[in-house]
Amino acid sequence: MINLKQNKGITLVTLMLAIIIMLIISSVILYNANTAMNTRALNDMYKDITIIKDRVDIYYAQYGTLPIIKTLYTNVENIKNININDNENYYVVDIEALENVTLTYGKDYKEYKQAPNNEKTDLYIINEQSHTIYYVEGITLDNINYYTIPNEYTKVKIPEVNRLKLKELNNNIATLEIYAINKNVGIQKINLYKGSNIYKTYEYTDLAKEQKQEIIDVKLVFYEESNFHMQIIDTNGNSTTSETITLKNEDIISTKEDLYALAEVVNSGNTLEGKEIKQINDIDLEGSQDNQWTPIGNYEQNENYYFAGTYDGKGHTISGLYINTNIGYKALFGKNTGTIQNIVLNVEDEVSIIEISSVNTGTINNCINNSNKVTQDNQEIQY
């Protein structure tokens, strides 16, 4: 009897151990199956994000904007602390804009595009600043939730690019190219400065557009050194300033301001010897009793003030020259030792003849003086 009881006890223990072992094996098999399934799901998410990132980079390089549905996505509590370079703006990636993309996840974007709903989670979103791609629903593996490809994020300064450059200089018109990128938050306004004054302002209402490029023509006054720079104001109101470029027109006269500037240059002691000055437009000096002309090369004031370059009027007219005084030279040029040619001088209602040049030891060619005080044939003096 004793032996029978012992055999029965051994049989029951063996059976219990067998059952426990089978349960353990089943649990391990089930766990491994779930782990394998979740691992596969995680790898599929990684593949999706890699594809999206590559296409987004191409899209951004081509258009300067992100391929997004332009409604802020706010269901980001699980995401917003992953990359410390993110700003507060997240958007759903517009998968349709990427063309021919096949993904495992992100199927909710079509419904979201038609009617934005922050409860949708089968979505890929992108941060406006860092351009990091996230899967909102996430994948869980070993009790850890994954929303993007793991990375060791360190704080970086997102670069801002601004450039002001001379594209073309034609006569006294400078064509400037304004170029700016702010990948952080976008650009609200660009101010182009000439010296300390705003020359032109560009304002943008499409705040999601981050790349701005403008072309502008600016007039350069004769011999005036013009310093240009631009100020970029982002959508948060912060501003950055570009480098300064300096431009100078040394040979073109096209406005009355240019002609007055020429007189100021020569009457400050610069004879412009070796320089050729070209007039490209008819010019009205709009002279008056309060706005009288001071001759170019006012030799009477200072013997060092004389013109020694070449002035070519190109057949254009100078009118509105007003001098009403008994003192000083009454002429367009006070003293010339250079070359003056191809000018038509129209002067009316003056008290005396206005000459091309009062003192000339240089050359005057093919100039016409139509002063009404001249009594020669056709009221012309040919030099």
Side-chain angles (χ1 to χ4, degrees), residues 34-35 37-61 64-95 97-98 101 103-113 115-161 181-188 207-211 234-240:
N34 288 336
T35 300
M37 183 174 63
N38 290 345
T39 300
R40 185 166 56 252
L42 185 61
N43 287 332
D44 288 340
M45 185 189 80
Y46 289 167
K47 290 177 183 177
D48 281 359
I49 290 175
T50 300
I51 292 170
I52 293 171
K53 185 180 185 309
D54 289 343
R55 295 298 180 90
V56 167
D57 289 345
I58 294 171
Y59 187 97
Y60 187 81
T65 59
L66 293 172
I68 57 176
I69 299 169
K70 295 182 180 180
T71 301
L72 279 174
Y73 186 82
T74 59
N75 185 9
V76 293
E77 289 302 312
N78 297 324
I79 291 166
K80 64 181 182 180
N81 295 319
I82 293 177
N83 186 345
I84 58 177
N85 297 298
D86 287 357
N87 66 4
E88 68 279 9
N89 297 329
Y90 297 85
Y91 297 91
V92 173
V93 177
D94 186 356
I95 304 299
L98 302 181
V101 171
L103 304 174
T104 302
Y105 304 111
K107 299 298 189 298
D108 282 348
Y109 83 91
K110 288 186 178 180
E111 292 182 31
Y112 182 90
K113 189 172 185 178
N117 180 353
N118 286 316
E119 294 181 1
K120 299 285 186 183
T121 58
D122 188 11
L123 294 168
Y124 284 105
I125 64 174
I126 186 170
N127 181 260
E128 179 187 50
Q129 177 166 279
S130 71
H131 294 188
T132 305
I133 310 293
Y134 300 96
Y135 180 51
V136 178
E137 196 166 292
I139 301 295
T140 301
L141 180 62
D142 293 338
N143 297 319
I144 299 175
N145 296 322
Y146 295 88
Y147 300 96
T148 188
I149 299 174
N151 199 349
E152 292 294 330
Y153 294 107
T154 56
K155 188 68 175 176
V156 297
K157 180 173 176 57
I158 305 298
E160 297 171 356
V161 179
I181 295 177
N182 188 324
K183 293 178 70 174
N184 292 311
V185 293
I187 298 171
Q188 182 180 24
L207 301 183
K209 182 178 180 183
E210 299 171 344
Q211 178 173 308
D234 67 27
T235 54
N236 287 336
N238 301 314
S239 67
T240 56

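Throughout, residue positions are numbered sequentially from 1 according to the sequence presented.
For the atom pair Met37 CE and Leu141 CG, the distance stands at 11.0 Å (nearest 0.5 Å). Atom-to-atom distance recorded for Tyr134:OH and Tyr90:OH is 5.0 Å, nearest 0.5 angstrom. Here OG1 of Thr148 is found 6.5 Å from CE of Met45. Values are rounded to the nearest 0.5 Å. Remark: Asn143 CG to Asn38 CG distance equals 10.0 Å, nearest 0.5 Å. Atoms CD1 and OG1, on Ile187 and Thr235 in that order, are 9.5 Å from each other to the nearest 0.5 Å.
Closest approach of Val56 and Ile133 over heavy atoms only: CG2-CD1, 4.5 Å. Contact record, Asn89 with Glu128: ND2-OE1, 2.7 Å, taken as the closest heavy-atom pair.
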task = Take His131 and Ile126 through the test side-chain contact (heavy atoms from CB on, under 4.5 Å) and record every step on the way to the result.
result = CA-CA 6 Å; His131 294 188; Ile126 186 170; 4.2 Å; yes
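Qualifying side chain to side chain donor-acceptor pair (under 3.5 Å) partners for Lys107, counting only residues two or more places apart in sequence or in other chains: none. Under the salt bridge (Lys or Arg N to Asp or Glu O under 4.0 Å) criterion, Glu119 pairs with no residue at all, not counting sequence neighbours. Asn83 pairs by the side chain to side chain donor-acceptor pair (under 3.5 Å) definition with Asn85, Thr132, not counting sequence neighbours. Scored by the ring pair (Phe, Tyr, Trp, His ring centres under 6.0 Å) test, Tyr109 finds no partners at all (sequence neighbours excluded). Asp108 is linked by a side chain to side chain contact (heavy atoms under 4.5 Å, CB included) to Lys120, Asp122, Leu123, counting only residues two or more places apart in sequence or in another chain. For Thr50, there are no side chain to side chain donor-acceptor pair (under 3.5 Å) partners two or more places apart in sequence or in a different chain. The side chain to side chain donor-acceptor pair (under 3.5 Å) search around Thr140 returns Asn145, not counting sequence neighbours. Evaluation of the ring pair (Phe, Tyr, Trp, His ring centres under 6.0 Å) rule for Tyr59 yields Tyr63 as partners, not counting sequence neighbours. Qualifying ring pair (Phe, Tyr, Trp, His ring centres under 6.0 Å) partners for Tyr135, counting only residues two or more places apart in sequence or in other chains: Tyr105, Tyr124. For Asn78, the side chain to side chain contact (heavy atoms under 4.5 Å, CB included) criterion is met by Tyr147, not counting sequence neighbours. When the salt bridge (Lys or Arg N to Asp or Glu O under 4.0 Å) test is applied to Asp234, no partner is found at least two apart in sequence or on another chain.
Remark: the backbone N or O of Glu88 is not paired with any side-chain donor or acceptor of Lys80 at under 3.5 angstrom. Formation of a donor-acceptor pair under 3.5 Å by the Asn87 side chain with backbone atoms of Asn127 is not found in this model. No donor-acceptor pair closer than 3.5 Å links the side chain of Asp94 to the backbone N or O of Pro67.
For the salt bridge (Lys or Arg N to Asp or Glu O under 4.0 Å) condition, the pairs that include at least one residue of residues 41-60, sequence neighbours left out, are Lys53-Asp57.
A side chain to side chain contact (heavy atoms under 4.5 Å, CB included) with Val93 is found for exactly one of Ile52, Leu66, Ile69, namely Ile52.
Between Asn117 and Glu111, every side-chain heavy-atom pair lies at or beyond the 4.5 Å cut-off.
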